Amino acid sequence: MILNTFNLSLKQIEQFNKYYKFLIEENQKYNLTSIIDRKEVYIKHFYDSLAACFTLDFFKINNYCDIGSGGGFPAIPLKVVFPHLKLTVVEPTKKKILFLQRLCDLLQISDIEFINQRAENFILNRREYYDLVSARAVAVLPVLLELVLPFLKVGGIFIAYKGSNYYEEQKASGNALKILFSVIENIYEYQLPENMGQHAIIKIRKQRETELVYPRRYAQIKKKHL
Ligand code: SAM
């Protein structure tokens, strides 16, 4: 089985089966993914989300926030495998948040906060708070850094899920990393099973508190990233 590497329990295998079925059933209504083939969903969504296990010890993480969760990736697969996580999902599209709430009821997972806001608005409630923040397919790295790093406590980690062509984004991020007192600690490159693509997880560590002027308004960030 595709997820064998993650040593899932029977309960977790069943949760992923239910997740797949519900995602496909509800996809038309909520417009969550263009990938619908079972094997592809397991590899490109579930396996890919869980790949962070290879680069991070989740048992050391308590408060975890996923920005722009969409259909739940990577947050929900990680929460299934690590139920101890106190998870916040931030997703501005109302119908996607509804999907995520219904999904979590179905999978009987608890300790999740559903925030129907944009990251740059929600930050007012949660500065310097999380041990871990993730984002997959939300924005380019220098934009993400300004949106995400203010959420982290000092010493906290941001994992950015990227395709194999992350170099340009990495190159453009030097100034943002400096201004936001953070460093790239490691870039984990991996091959998805069945040759379904080469991906990377960029692991960034925050070293000092973020200045209160960040994040700026989204229009400003988009217009000129740090
Ligand atoms: N992370 C999921 C995945 O990998 O399948 C969804 C990716 S989808 C392409 C991007 C998501 O980011 C959308 O659901 C969108 O609503 C959300 N998003 C875009 N800008 C955002 C922001 N400023 N704050 C929070 N979420 C945002």
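Counting convention: from 1, in listed order, for ligands and their atoms alike. Computation of the quantities below employed the complete heavy-atom set of this structure, encompassing side-chain atoms and omitting hydrogens, waters and symmetry-equivalent molecules. Please read these numbers as outputs of a predicted model, since none were measured by experiment.
Considering backbone and side-chain atoms alike, E91 places an N or O below 3.5 Å from some N or O of ligand 1. Between H45 and ligand 1, a contact under 3.5 Å exists for no N or O pair. The shortest N or O to N or O distance between I67 and ligand 1 is not below 3.5 Å. Of the N or O atoms in V138, none lie within a sub-3.5 Å distance of an N or O in ligand 1.
For atom 24 (N) of ligand 1, the nearest non-hydrogen atom of the protein is A119 N, 2.9 Å. Of the protein's non-hydrogen atoms, the one nearest atom 26 (N) of ligand 1 is P92 CD, 3.1 Å. Among all non-hydrogen protein atoms, the one lying nearest atom 11 (C) of ligand 1 is G68 O, 3.6 Å. When hydrogens are left out, the protein atom nearest atom 10 (C) of ligand 1 is A137 O, 3.3 Å; that is the closest non-hydrogen contact. Atom 20 (N) of ligand 1 has as its closest protein heavy atom R118 NH2, 3.8 Å. Here the heavy atom of the protein found nearest to atom 5 (O) of ligand 1 is R136 NH2, 3.3 Å.
Two rings, from F82 and F59, have their centers less than 6.0 Å apart. Within the 6.0 Å centre-distance limit, the rings of F6 and Y47 are counted as a close aromatic pair. A distance of 6.0 Å or more separates the ring centres of H84 and F58. Separation of the Y20 and F46 ring centroids does not fall under the 6.0 Å cut-off.
Remark: ligand 1 atoms within the under-4.0 Å shell around heavy atoms of T93 are 16 (O). Taking a cut-off of under 4.0 Å to the non-hydrogen atoms of K96, the atoms of ligand 1 that pass are 13 (C), 14 (O). Less than 4.0 angstrom separates some heavy atom of G70 from each of these atoms of ligand 1: 6 (C), 14 (O).
Taking the ring centre of F99 as origin, the terminal cationic atom of R102 falls outside the region bounded by 6.0 Å and 45° from the ring axis. Taking the ring axis of Y218 as reference, the NZ or CZ atom of R118 stays within 45° of it and closer than 6.0 Å to the ring centre.
By the criterion of a heavy-atom distance under 4.0 Å, the backbone of S69, and not its side chain, is placed next to ligand 1.
Just one residue in the list V80, I61, I112 forms a side-chain contact (heavy atoms from CB on, under 4.5 Å) with L85, and that residue is I61.
Using cut-offs of 30° and 60° for the angle between ring planes, the F16 and Y19 rings count as parallel.
Looking only at atom types and distance, the side chain of D48 has a donor-acceptor partner in the side chain of Y190 under 3.5 Å away.
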